[in-house]
Amino acid sequence: MSSLPPAAFPQREHDSHKGNFGRVMLCGGSRGMAGSIALASIAALHTGSGLVSAAIPDRCLETVASFHPCLMTIPVADDAQGRFSVDAITTLAPSLDRFDAWGCGPGMTTGEGSMRIVQHVLQATKLARVFDADSLNCLAKINWGQQPPLNHHHLVLTPHPGELSRLTHVDAKNRDLQIEAAQNLAAHHHVTIVVKGGPSVVVDATRRWTNSTGNPGMATAGSGDVLTGVITSLLGQGLSAWDAARLGVWIHGAAGDKAAARHGQAGMTAWELLAELPQVIAAFDSESM
Ligand SMILES: NC(=O)C1=CN([C@@H]2O[C@H](COP(=O)(O)OP(=O)(O)OC[C@H]3O[C@@H](n4cnc5c(N)ncnc54)[C@H](OP(=O)(O)O)[C@@H]3O)[C@@H](O)[C@H]2O)[C@@H](O)CC1
Ligand SMILES: Nc1ncnc2c1ncn2[C@@H]1O[C@H](COP(=O)(O)OP(=O)(O)O)[C@@H](O)[C@H]1O
Ligand SMILES: [Mg+2]
């Protein structure tokens, strides 16, 4: 291992069952971006979640389901473009608190159906949640940074610099100012934020942690979607937002390093990164860490 992990990985008792390792929901996707939510969902399976469901627009269901037989899929009302429809939230709302964690955003677009889902998942529960990609763009559309504080301590945001710029109005090219703005936002809403990059930096109201794993081969479509699934899984297994964000980023980077070693930085894709997750996580089973 290139460095020590920042938090302990959840251990398994001999008599444990799948319900002990979290029921998680990954919500997102749309026609043309079904792969994003499939990557996130499969990443959650490989990070140890006992039960993973993907809530997706109806016409993406077969596509997403066919990626992995262990994944459960929940068909949700969609519109003619294959995006969540304005009625989608009525399917999702009753089951919200049946899960231990929700990850929301990859590939979901910022249409009205997504806006309603994001606002409901933001306000109607204190469940552990990850907001990524288009769910962050939905938050930017409601100017979330200026809204009254939430005090939702189990919320993790995972913006890349473009998404963070939409949320905070700080130029994506100004890394230092972006990290400062993320910390201000984290302090205002009492959340944890992963400021993605090489390296990624995790902030909350008072703390800053810089990751030591990862490489530029991870600058490839879908690698952030994998991270969403990893962090959602760790939240579902009971880690705090701060620990799930840091350990998730570290595991994700370590898998990226293994993928680069095997396939080269240019040759690897998020699919190869995903395939390395079990090897990284297997090392937590041994006492040699
Ligand atoms: N297989 C699938 O289904 C996949 C589907 N996906 C889904 O696609 C949707 C759009 O998401 P997205 O991230 O591709 O586009 P967007 O939010 O417009 O950001 C790009 C803008 O931000 C800027 N930018 C500046 N710095 C940056 C940085 N370090 N990293 C990245 N961007 C940076 C950048 O600047 P520029 O490149 O012009 O310099 C540009 O202006 C979303 O739903 C997502 O989940 C993907 O997950 C991929 C796999
Ligand atoms: N140069 C780099 N070095 C290390 N990690 C990187 C680098 N470029 C991108 N990454 C990582 O890859 C992921 C990209 O996330 P994101 O932009 O959301 O991708 P996508 O939306 O395509 O899935 C982040 O975790 C980021 O930290
Ligand atoms: Mg992304």
Side-chain angles (χ1 to χ4, degrees), residues 2 26-43 54 56-57 60 63-64 67 81-84 103-111 113-115 117-118 130-141 156-175 177-179 182 193-202 209-231 245-260 265-266 268-274 276-277:
S2 47
L26 277 304
C27 174
S30 55
R31 185 167 163 78
M33 295 196 291
S36 56
I37 201 69
L39 286 164
S41 304
I42 299 167
I56 44 198
C60 301
T63 306
V64 174
F67 277 110
Q81 284 83 46
R83 307 171 302 184
F84 288 123
C104 190
M108 80 191 301
T109 79
T110 59
S114 296
M115 290 293 291
I117 292 171
V118 170
V130 178
F131 282 90
D132 179 41
D134 287 326
S135 65
L136 298 171
N137 298 328
C138 288
L139 294 181
K141 276 174 88 170
V156 178
L157 274 50
T158 57
H160 66 47
E163 290 153 351
L164 187 58
S165 169
R166 293 178 195 126
L167 269 175
T168 63
H169 309 293
V170 173
D171 193 326
K173 292 190 179 67
N174 196 330
R175 183 84 180 153
L177 276 186
Q178 277 221 321
I179 292 169
I193 303 182
V194 176
V195 184
K196 286 175 180 167
S200 293
V201 174
V202 181
W209 175 86
T210 301
N211 189 32
S212 56
T213 58
N215 66 83
M218 295 165 68
T220 180
S223 60
D225 305 327
V226 173
L227 179 68
T228 301
V230 173
I231 297 176
R246 288 181 307 143
L247 185 58
V249 165
W250 187 93
I251 288 171
H252 179 249
D257 290 342
K258 285 187 182 296
Q265 290 187 2
M268 66 180 274
T269 71
W271 191 247
E272 283 75 41
L273 190 163
L274 178 69
E276 296 294 345
L277 281 176

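For clarity, every value in this text was computed on a predicted model and none was experimentally measured. We're numbering straight along the sequence, starting at 1. Side chains are part of it too, since the values below use all heavy atoms of this structure and drop only hydrogens, waters and symmetry mates. First listed ligand is number 1; within each ligand, the first listed atom is number 1.
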Practice prompt. Answer yes if the side chains of D134 and N137 hold a donor-acceptor pair under 3.5 Å, and no otherwise.
Written response: yes
Worksheet item: In Å and rounded to the nearest 0.5 Å, what is the CG to CZ distance from L157 to F131?
Response: 7.5 Å
Worksheet item: Taking all atoms of both residues into account, what is the closest heavy-atom pair of D132 and P106, and its distance?
Response: OD2-CG, 3.8 Å
For ligand 1, find each of its N or O atoms that sits under 3.5 Å from a protein N or O atom, and tabulate the pairs with distances to one decimal place.
| residue | atom | partner | partner atom | Å |
| --- | --- | --- | --- | --- |
| ligand 1 | 3 (O) | S36 | N | 3.1 |
| ligand 1 | 13 (O) | H160 | NE2 | 2.8 |
| ligand 1 | 17 (O) | R166 | NH1 | 2.9 |
| ligand 1 | 17 (O) | R166 | NH2 | 3.4 |
| ligand 1 | 18 (O) | R166 | NH2 | 2.8 |
| ligand 1 | 19 (O) | H160 | NE2 | 3.1 |
| ligand 1 | 43 (O) | G107 | N | 3.0 |
| ligand 1 | 43 (O) | D134 | OD2 | 2.5 |
| ligand 1 | 45 (O) | G107 | N | 2.9 |
| ligand 1 | 47 (O) | D225 | OD1 | 3.0 |
| ligand 1 | 47 (O) | D225 | OD2 | 2.8 |

Worksheet entry | Closest non-hydrogen atom pair, A172 against G162 | CB-N, 4.2 Å
Worksheet, complete the sentence: Numbered in order shown, the ligand 2 atoms found under 4.0 Å of a heavy atom of A221 are 22 (O)
Practice prompt. Could you list which atoms of ligand 2 come closer than 4.0 Å to a heavy atom of H252?
Written response: 25 (O)
Worksheet item: Can you find an N/O atom of G197 closer than 3.5 Å to an N/O atom of ligand 2?
Response: yes
Practice prompt. Compute the shortest N/O to N/O distance between D225 and ligand 2 and return yes if it is under 3.5 Å, no if not.
Written response: yes
Item to complete: With heavy atoms under 4.0 Å as the rule, classify the contact between V249 and ligand 2 as side chain, backbone, both or neither.
Response: neither
Worksheet item: Can you list the residues that meet the salt bridge (charged side-chain N to carboxylate O under 4.0 Å, His left out) rule with D225, with sequence neighbours excluded?
Response: none
Worksheet item: Can T109 and M33 be said to form a side-chain contact (heavy atoms from CB on, under 4.5 Å), step by step?
Response: CA-CA 9 Å; T109 79; M33 295 196 291; 4.2 Å; yes
Discussion item. Evaluate S200 for polar contact with ligand 2, using N/O atom pairs at a separation under 3.5 Å.
Written reply: yes
Practice prompt. Please write down residue, atom name and distance for the protein heavy atom closest to atom 19 (O) of ligand 2.
Written response: G224 N, 3.3 Å
Discussion item. Are M218 and M268 packed together at the side-chain level, in the sense that at least one heavy-atom pair is separated by less than 4.5 angstrom?
Written reply: yes
Discussion item. Looking at V170, is its backbone amide N or carbonyl O close enough to the side chain of Q178 to form a donor-acceptor pair, meaning the two atoms are under 3.5 Å apart?
Written reply: yes
Fill in: Per-atom contacts, ligand 2 versus A219 - under 4.0 Å to a heavy atom
8 (N), 9 (C)
Practice prompt. Identify which one of T213, V230, V194 satisfies the side chain to side chain contact (heavy atoms under 4.5 Å, CB included) criterion when paired with V249.
Written response: V194
Worksheet entry | Validation row: N211, V202 side chains within 4.5 angstrom (heavy atoms) | no
Discussion item. Checking the N or O distance criterion of under 3.5 Å, is ligand 2 in contact with G222?
Written reply: yes
Fill in: Donor-acceptor under 3.5 Å (K196 side chain, P161 main chain)
no
Worksheet, complete the sentence: So the atoms of ligand 2 within less than 4.0 Å of a heavy atom of S223 turn out to be 12 (O), 13 (C), 14 (C), 23 (O)
Worksheet item: Which residue, L274, L39, L273, forms the side chain to side chain contact (heavy atoms under 4.5 Å, CB included) with S223?
Response: L273
Discussion item. Quick check on contacts: which atoms of ligand 2 are under 4.0 angstrom from a heavy atom of G198?
Written reply: 2 (C), 3 (N), 4 (C)
Discussion item. Which residue is it: R166, H160, E163? I am looking for the one with a side chain to side chain contact (heavy atoms under 4.5 Å, CB included) to L136.
Written reply: E163
Discussion item. At less than 4.0 angstrom from any non-hydrogen atom of H160, what atoms of ligand 2 do you find?
Written reply: 17 (O), 18 (O)
Worksheet item: Is there at least one pair of N or O atoms, one from M218 and one from ligand 2, spaced under 3.5 Å apart?
Response: yes
Worksheet item: What residue and atom, counting heavy atoms only, is the protein's closest point to atom 1 (N) of ligand 2, and at what distance?
Response: P216 CA, 3.4 Å
Practice prompt. Return yes or no for this condition: an N or O of K196 is under 3.5 Å from an N or O of ligand 2.
Written response: yes
Fill in: Distance from atom 7 (C) of ligand 2 to nearest protein heavy atom, with residue and atom
N215 O, 4.0 Å
Discussion item. Tell me whether S30 contacts the main-chain N or O of G107 through its side chain, where contact means a donor paired with an acceptor under 3.5 Å.
Written reply: yes
